[in-house]
Amino acid sequence: MNWTGKTVGYALSGSHCTFEEVMPQIQRFVDAGARVIPIVSQTLMTTDTRFGTSAHWQQQLKEITGEEIVSTIVQAEPLGPSKLLDVLLIAPCTGNTTSKLANAMTDSAVLMAAKVQMRNQRPVVLAISTNDGLGLNAANIAKLLVAKNIYFVPFGQDNPAQKPNSLVARMDLVMEACEAALEGRQLQPLLIERFRD
């Protein structure tokens with residue numbers, strides 16, 4: 001797919017351990033010619049972890065995309081009327097974000113971006129990263145699997161021996177999943193093997 005002229009909303013929720021893995025994927029969109037608008041949760045804006053500081057991740061996002069970060073509901077709301085985004089990707093999409101999206105709650109820039117994208121009947125692509133994907137969040141994932149204009153990056157169990165409820169998407173497939181979503185289809189296979197003894 002030719003990404004020139006396309007605008008991707010790249011949203012990150014608070015799975016800090018996944019940030020390093022997704023930064024090269026953001027670069028892939030930029031290298032392919034897309035304009036990438038970074039959209040982040042308050043967790044990224046305010047939390048330093050062993051995986052990196054908030055300032056580090058903010059700087060990376062600005063350097064890769066050349067865009068200002070959308071980090072508040074007020075900043076995200078105009079994405080709806082402007083119809084700026086061709087596709088919205090949430091990668092990583094935490095269990096918390098998955099749960100709120102499935103239950104129509106909007107308390108972050110990421111969720112507001114998803115809400116306005118769905119209002120515009122444009123694709124939202126989720127790359128889940130959650131420790132309870134096969135626990136209480138399984139019901140929320142199921143709701144989203146059948147929701148209109150919502151697509152998933154293929155995912156699977158990442159550590160069934162020690163974290164049997166954990167599900168993580170193949171972050172290296174985010175661009176391919178977005179290409180499929182723009183064509184109105186789910187990238188297959190949806191369920192993949194992430195872990196092998």
Side-chain angles (χ1 to χ4, degrees), residues 1 3 6-32 34 36-41 43-44 51 57 60-61 64-65 70 76 85-102 108-115 117-118 122-134 137-138 140-147 149-159 163 165-195:
M1 171 177 283
W3 284 93
K6 294 276 194 297
T7 301
V8 177
Y10 200 111
L12 298 93
S13 58
S15 178
H16 292 82
C17 60
T18 317
F19 291 168
E20 188 169 350
E21 186 180 358
V22 301
M23 292 298 160
Q25 303 310 316
I26 302 172
Q27 187 69 57
R28 280 181 70 200
F29 282 105
V30 173
D31 292 345
V36 179
I37 308 296
I39 305 162
V40 304
S41 66
T43 306
L44 186 145
F51 300 105
W57 296 121
Q60 281 231 24
L61 286 170
I64 293 170
T65 66
V70 174
L85 306 180
D86 293 291
V87 60
L88 173 69
L89 169 66
I90 306 177
C93 183
T94 61
N96 187 48
T97 297
T98 302
S99 172
K100 290 178 178 180
L101 185 58
S108 71
V110 171
L111 290 161
M112 175 56 80
K115 178 180 179 179
Q117 186 77 348
M118 288 187 291
R122 292 186 174 186
V124 176
V125 180
L126 308 179
I128 58 173
S129 179
T130 173
N131 284 325
D132 69 342
L134 293 177
N137 239 326
N140 296 313
I141 292 171
K143 284 175 72 174
L144 294 170
L145 281 170
V146 296
N149 296 318
I150 293 184
Y151 304 88
F152 283 79
V153 178
F155 60 84
Q157 288 177 278
D158 59 306
N159 189 347
K163 299 190 298 179
N165 288 341
S166 182
L167 294 175
V168 177
R170 275 271 306 272
M171 298 301 171
D172 60 323
L173 293 176
V174 295
M175 180 179 279
E176 291 77 5
C178 287
E179 289 174 351
L182 283 166
E183 296 171 357
R185 61 183 178 86
Q186 170 62 54
L187 184 65
Q188 297 290 346
L190 173 62
L191 298 177
I192 50 100
E193 188 174 29
R194 285 270 311 179
F195 177 91

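Because the structure is predicted, anything quoted here is derived from the model rather than measured.
Nearest heavy-atom pair across L101 and A114 is CD1-CB, 3.7 Å. The minimum heavy-atom distance linking A109 with A76 is given by the pair O-CB, 3.5 Å. Taking every heavy atom of both residues into account, T18 and S129 meet most closely at OG1-OG, 3.4 Å. Across all non-hydrogen atoms, the minimal contact from S13 to F19 is O-CE2, 3.3 Å. Between A177 and L187 the shortest heavy-atom distance is N-CD2, 3.7 Å. For A102 against K143, the heavy-atom pair with the smallest separation is O-NZ, 3.0 Å.
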Practice problem: For L144 and L126, run side-chain contact (heavy atoms from CB on, under 4.5 Å): C-alpha distance rounded to whole Å, both residues' side-chain angles, the deciding distance at 0.1 Å, then the answer. | Solution: CA-CA 9 Å; L144 294 170; L126 308 179; 3.8 Å; yes
Exercise. Determine, stepwise, if the pair W57 / M23 fulfils side-chain contact (heavy atoms from CB on, under 4.5 Å).
Key: CA-CA 9 Å; W57 296 121; M23 292 298 160; 3.6 Å; yes
Practice problem: Apply the test side-chain hydrogen bond (donor to acceptor under 3.5 Å, both in side chains) to residues S166 and N159: give CA-CA distance (whole Å), side-chain angles for both, the deciding distance (0.1 Å), then the verdict. | Solution: CA-CA 7 Å; S166 182; N159 189 347; over 6 Å; no
Practice problem: Show the numbers, then the answer: is there a side-chain contact (heavy atoms from CB on, under 4.5 Å) between F29 and V174? | Solution: CA-CA 10 Å; F29 282 105; V174 295; 4.1 Å; yes
Quiz item: Do V124 and M118 pass the side-chain contact (heavy atoms from CB on, under 4.5 Å) test, and can you show the C-alpha distance, the side-chain angles, and the key distance before you say yes or no?
Solution: CA-CA 7 Å; V124 176; M118 288 187 291; 3.9 Å; yes
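Taking 4.5 Å as the limit, every side-chain heavy atom of L12 sits out of range of all side-chain heavy atoms of T43. Taking 4.5 Å as the limit, some side-chain heavy atom of V22 sits within range of a side-chain heavy atom of P92.
Atoms CD1 and CD1, on I128 and I90 in that order, are 12.0 Å from each other to the nearest 0.5 Å. In this structure, K6 NZ and L182 CG are separated by 6.5 Å, a value rounded to the nearest 0.5 Å. Put simply, CG on L167 and CZ on F152 are 10.0 Å apart, with the number rounded to the nearest 0.5 Å. Considering CD1 of I26 and CE of M171, their distance stands at 11.0 Å, rounded to 0.5 Å. The distance from atom CG of D158 to atom CG of N131, rounded to the nearest 0.5 Å, is 7.5 Å. Between D86 atom CG and Q117 atom CD the span is 8.0 Å, to the nearest 0.5 Å.
The backbone N or O of L61 lies less than 3.5 Å from a partner atom in the side chain of T65, making a donor-acceptor pair. At distances below 3.5 Å, at least one donor-acceptor pair connects side-chain atoms of R122 with backbone N or O atoms of L85. Between the side chain of Q188 and the main chain of L190, a donor-acceptor pair closer than 3.5 Å is present.
Under the 3.5 Å distance criterion, with hydrogens and angles disregarded, no donor-acceptor pair is assigned to the side chains of N137 and T98. At a cut-off of 3.5 Å, with distance as the only test, a side-chain donor of T130 or D132 sits close to an acceptor on the other residue.
The side chain to side chain contact (heavy atoms under 4.5 Å, CB included) test with C178 singles out one residue from Y10, W3, Y151, and that residue is W3. Of the candidates V125, V87, I37, V87 is the only one forming a side chain to side chain contact (heavy atoms under 4.5 Å, CB included) with V8.
In summary, E176 and R28 engage in a salt bridge, as defined by a charged side-chain N under 4.0 Å from a carboxylate O.
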